[in-house]
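See structure below.
All values derive from a computational prediction rather than experimental measurement.
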Amino acid sequence: MRQSERRNNLRICPRRNSNTGGSDLWSSTLPLDHGGALTVFIEQSASFVGKSFTSPNVSGRQSAPDNRKTAGRSSRFRTRTNPLPIGIRPLTAPPPTLTRSRMTSLLLGVLSVIVAGSLTTTSTDSGRRVTLTESQKDDVRHAIETVVRCRQIPGITLSVVTSDVVLWKTTFGVADVERNKPVTTDTLFPIGSTTKAFTSTLLAMLLEKYSNRINWDTPIVNILGNDFKLYNKTLTDNISLRDLLSHRTGVPGYFLPLLAGLPENVTRKELVRRLRYFEPTHQIRTTFQYNNYMFMLAGYVAEVLENEEWEHLNAEMLFKPLGMTSTIYVRDINEETDMAEAYTLSEGRLTKINRTTLHQVDVAGPAGAIVSTATDMIHWLQFNLRGGRAPSGESLIAASRLKETYSEQMAAPSPMSDRDLKRPKYPISDIHAAYDLGWMTNYYRGYKRVWHSGGITTYKTMVWLYPDVDVGIFLSTNGPPSSNGSWGLILALYYLSDVLLNEDRWLNGSTLCDFPQPWASPSPEYRFQWPDGRVAGDRSDYLGTYRHPGYCDIVVADDPDGEAFMIRMGRFLEAELLYNETSETFYTRFVGELWYISEPVPVKFARSQPGGRIEELRIPFYTPYDTAKPIVFAKYSSTPLNVSTTSSDEAMTDAGSHLTWLVAGNLLVLGFSSLSACPVV
């Protein structure tokens with residue numbers, strides 16, 4: 001509404017106010033462009049000024065003034081209802097006698113300030129619209145460039161939005177170090193476990209569709225049928241979508257087989273069947289245990305409900321209506337895909353990781369297989385900030401249903417709560433409150449943050465939403481996977497958050513590089529002392545194939561180039577087995593595609609009786625390895641196998657079969673980059 005139109009619409013109504021000693025009370029009402037009306041009351045007596053107004057689209061009548069008696073001759077504002085933020089200071093001296101002309105000018109000025117604010121700001125719980133000026137961008141850019149330099153991060157892509165405005169879309173560093181190729185906002189980055197929020201949102205949409213049949217607490221067996229089984233009857237009969245999406249099934253993560261990579265011929269349906277052999281370590285709904293397999297199962301539930309694969313459902317129900325036109329899946333990646341390369345630090349230098357290893361997550365796609373860009377992730381952030389509305393304005397899901405995915409399920413789960421920053425040790429606090437449904441809830445400096453991280457090979461991603469102030473952030477990097485690199489990512493987000501939230505910066509050029517100093521001592525760098533012991537007795541007794549119905553076979557063979565044994569599992573896991581005589585334990589030193597993984601896994605062999613033959617291999621599948629209950633693999637074949645004798649070309653001739661490949665009755669050991677067998681269960 002223009003100034004002249006406001007003047008023409010302004011209605012001034014002088015009247016007497018008996019409750020304030022017979023003073024003159026002036027009021028005016030102005031219709032607002034977006035509904036409702038604004039009424040201002042000015043009392044001419046001992047100089048007090050008051051105001052009240054109706055909230056747009058809330059009340060059809062104007063609010064009555066506050067008629068409580070005033071004492072003295074002070075000047076002040078009175079507010080009866082004030083849903084819109086305004087910043088008008090009270091008068092500091094008695095005003096002159098107000099004529100109608102003066103009153104019109106005064107009221108018009110007051111209304112101009114109020115209405116301008118109501119039309120150009122987003123109402124938030126903080127009463128302030130979040131902005132990002134050019135000088136603030138320069139400030140943050142300098143901070144992130146500092147982090148990139150001192151923490152050796154190759155590249156970063158970043159988006160910052162409100163529900164209706166893209167505040168910033170930018171990049172830092174390179175996507176390809178060798179070619180010095182810069183990151184762009186359209187560069188693809190695997191976003192890892194931030195995929196989980198897409199899966200929970202997809203399921204929320206399906207629950208809305210099938211609300212008369214299922215809900216978050218419907219037992220999975222009621223959806224999948226009696227063929228669905230978990231380790232025991234309690235789990236089978238009771239586990240629900242809520243349990244799967246909040247990691248409270250009681251089943252640990254068993255991550256190592258996923259890292260090893262399941263063969264391409266293992267389907268999602270078959271992997272669901274294998275879950276019946278995954279032993280729980282806690283009672284259902286008592287303990288937080290991060291589990292990618294359970295998110296895979298949740299995605300499989302969506303597939304059964306719609307008779308379409310999870311990837312197709314995601315694309316049709318989310319990517320397309322949101323305009324995420326560049327977003328793909330890990331399974332779509334090949335050597336020609338234009339994406340950021342992954343890097344780790346080797347002897348102080350950034351070294352490229354083979355992108356093939358990304359395919360370890362293919363079959364577990366609903367847990368972490370999305371690959372996206374800063375441009376596309378803008379739409380995902382705004383979809384969540386808008387309560388489920390697409391850029392077109394179409395509501396893809398009821399806001400109340402979407403909000404359920406942010407609801408707190410498992411309070412302050414460890415180990416996440418172990419990373420809390422707390423006062424007075426630190427100058428600020430960042431406290432984990434709960435794991436939700438594919439999201440987490442934290443409180444940073446008192447602000448609620450709904451978020452999730454994602455990590456796959458050496459890529460790291462963060463999606464942060466501050467729903468109460470209408471802000472969303474997406475940030476992704478292509479390495480390195482060290483604690484130093486991970487903290488760099490978080491510190492950059494802290495600095496950016498402080499700017500957006502208008503809080504004092506607690507980080508600077510020094511602490512961005514030195515954190516956790518000066519507040520805490522850094523954790524000592526992990527250096528494992530590799531053992532060099534030799535096994536006594538018959539080495540051939542260790543060799544062979546070991547089998548467990550829930551996992552791919554483990555093959556132990558002689559290393560033709562050294563003293564160690566070699567161990568293989570799945571598509572990618574290949575390691576030397578180095579022996580510690582004192583503990584009678586072997587430790588893996590990864591080679592091949594997973595060479596960049598530095599943490600060793602302890603492996604033990606068990607004999608049927610003292611002096612007897614080796615019958616079992618025992619290996620933990622989740623961290624901390626030293627305390628995890630090991631998985632027992634029974635020896636299936638005892639024939640020694642040399643890792644260099646079989647070519648992958650020979651092996652792949654039967655790659656389409658689910659059956660174990662056999663040569664002269666013994667398991668065929670596949671080549672360097674191929675598979676170990678995963679028998680059908």
Side-chain angles (χ1 to χ4, degrees), residues 132 140-141 143-144 147-148 151 153-161 167-173 183 185 187-198 200 290 327 340 342 367-385 405-406 415-416 419-421 428 430-433 435-436 438-445 447-467 469 471-501 507 512 515:
L132 199 57
V140 176
R141 179 173 290 280
I144 297 180
V147 169
V148 167
R151 295 185 181 265
I153 296 173
I156 289 179
T157 189
L158 171 69
S159 300
V160 186
V161 306
L167 297 176
W168 202 19
K169 184 173 68 166
T170 190
T171 62
F172 304 83
V183 178
T185 54
T187 300
L188 287 164
F189 282 76
I191 66 171
S193 287
T194 60
T195 297
K196 288 179 169 65
F198 286 84
S200 63
Y290 198 86
T327 300
I370 290 177
V371 184
S372 194
T373 69
T375 299
D376 273 11
M377 289 299 286
I378 284 170
H379 302 304
W380 173 244
L381 295 172
Q382 291 185 326
F383 165 79
N384 282 278
L385 293 173
T405 66
Y406 318 138
M416 285 178 286
R419 306 188 199 111
D420 286 348
L421 303 185
I428 54 87
D430 188 17
I431 306 298
H432 287 80
Y435 195 92
D436 310 332
W439 293 96
M440 287 178 265
T441 295
N442 267 48
Y443 287 88
Y444 175 65
R445 304 185 76 158
Y447 294 90
K448 180 179 181 179
R449 185 176 81 235
V450 177
W451 70 287
H452 211 287
S453 61
I456 178 171
T457 66
T458 66
Y459 299 94
K460 188 76 172 179
T461 297
M462 291 282 186
V463 174
W464 285 16
L465 304 174
Y466 289 101
V469 293
V471 171
I473 307 169
F474 164 78
L475 191 153
S476 193
T477 72
N478 52 342
S482 63
S483 174
N484 189 52
S486 296
W487 267 116
L489 173 65
I490 295 169
L491 295 171
L493 287 168
Y494 282 156
Y495 196 95
L496 172 59
S497 295
D498 288 343
V499 172
L500 292 167
L501 300 172
L507 293 162
L512 283 167
F515 185 90

ask   = For the residue pair Tyr290 and His452, does the interplanar ring angle fall in the parallel (under 30°), tilted (30 to 60°) or perpendicular (over 60°) class?
value = tilted
Who passes ring pair (Phe, Tyr, Trp, His ring centres under 6.0 Å) against [X], sequence neighbours left out?
X      : value
His379 : none
Phe474 : none
Phe172 : none
Trp439 : Tyr406

At what distance, to the nearest 0.5 angstrom, does [atom1] of [X] lie from [atom2] of [Y]?
X      : Y      : atom1 : atom2 : result
Leu465 : Trp380 : CG    : CH2   : 9.0 Å
Leu158 : Thr185 : CG    : OG1   : 10.5 Å
Thr195 : Ile370 : OG1   : CD1   : 4.0 Å
Leu507 : Leu496 : CG    : CG    : 12.0 Å

Test of understanding: with side chain to side chain donor-acceptor pair (under 3.5 Å), list the residues that count as partners of [X], not counting sequence neighbours.
X      : value
Thr477 : none
Trp451 : Asn442
Thr327 : Ser372, Asp376
Thr194 : none

Which pairs of donor and acceptor atoms, one on a side chain in residues 483-491, lie under 3.5 Å apart (sequence neighbours left out)?
residue: Asn484; atom: OD1; partner: Arg151; partner atom: NH1; Å: 2.7
residue: Ser486; atom: OG; partner: Ser482; partner atom: O; Å: 3.2

Heavy-atom closest contact ([X] atom, [Y] atom, distance):
X      : Y      : answer
Ser200 : Thr405 : O-CG2, 3.9 Å
Pro154 : Gly479 : CD-O, 3.1 Å
Gly472 : Leu385 : N-CD1, 3.6 Å

Any side-chain heavy-atom pair from [X] and [Y] closer than 4.5 angstrom?
X      : Y      : value
Asp430 : Tyr443 : no
Thr458 : Pro480 : no
Met440 : Val450 : no
Val147 : Ile153 : yes
Phe189 : Val371 : no
Lys169 : Ile378 : yes
Thr373 : Thr157 : no

message = Quick one about Ser476 and Tyr459 (side-chain donor to acceptor, distance below 3.5 Å, no hydrogens or angles considered), yes or no?
response = no
request  = Using distance alone, with no hydrogens and no angle criterion, decide if Arg449 and Thr441 have a side-chain donor and acceptor under 3.5 Å apart.
outcome  = no
note = Across all chains, not counting sequence neighbours, the side chain to side chain contact (heavy atoms under 4.5 Å, CB included) partners of Ala367 are Lys196, Asn292, Phe295
Salt bridge (Lys or Arg N to Asp or Glu O under 4.0 Å) contacts touching residues 486-500 (sequence neighbours left out) = Arg445-Asp498
request  = Please check if the side chain of Ser159 supplies one atom and the backbone of Ala374 the other of a donor-acceptor pair under 3.5 Å.
outcome  = yes
Side chain to side chain contact (heavy atoms under 4.5 Å, CB included) between Asn478 and Lys460, intermediate numbers included = CA-CA 6 Å; Asn478 52 342; Lys460 188 76 172 179; over 6 Å; no
ask   = Out of Trp464, Tyr495, Tyr494, which one pairs with Tyr444 under the ring pair (Phe, Tyr, Trp, His ring centres under 6.0 Å) rule?
value = Tyr494
task = With side chain to side chain contact (heavy atoms under 4.5 Å, CB included) as the test, would you mind laying out the steps for Val471 and Val161 before giving the verdict?
result = CA-CA 6 Å; Val471 171; Val161 306; over 6 Å; no
message = One pair to check against side chain to side chain contact (heavy atoms under 4.5 Å, CB included): Ile428 and Leu421. What are the steps and the verdict?
response = CA-CA 7 Å; Ile428 54 87; Leu421 303 185; 3.9 Å; yes
request  = For Asp436, check salt bridge (Lys or Arg N to Asp or Glu O under 4.0 Å) against everything at least two apart and list the hits.
outcome  = none
request  = Just do the side chain to side chain contact (heavy atoms under 4.5 Å, CB included) check on Val463 and Ile473 with the steps written out, would you?
outcome  = CA-CA 6 Å; Val463 174; Ile473 307 169; over 6 Å; no
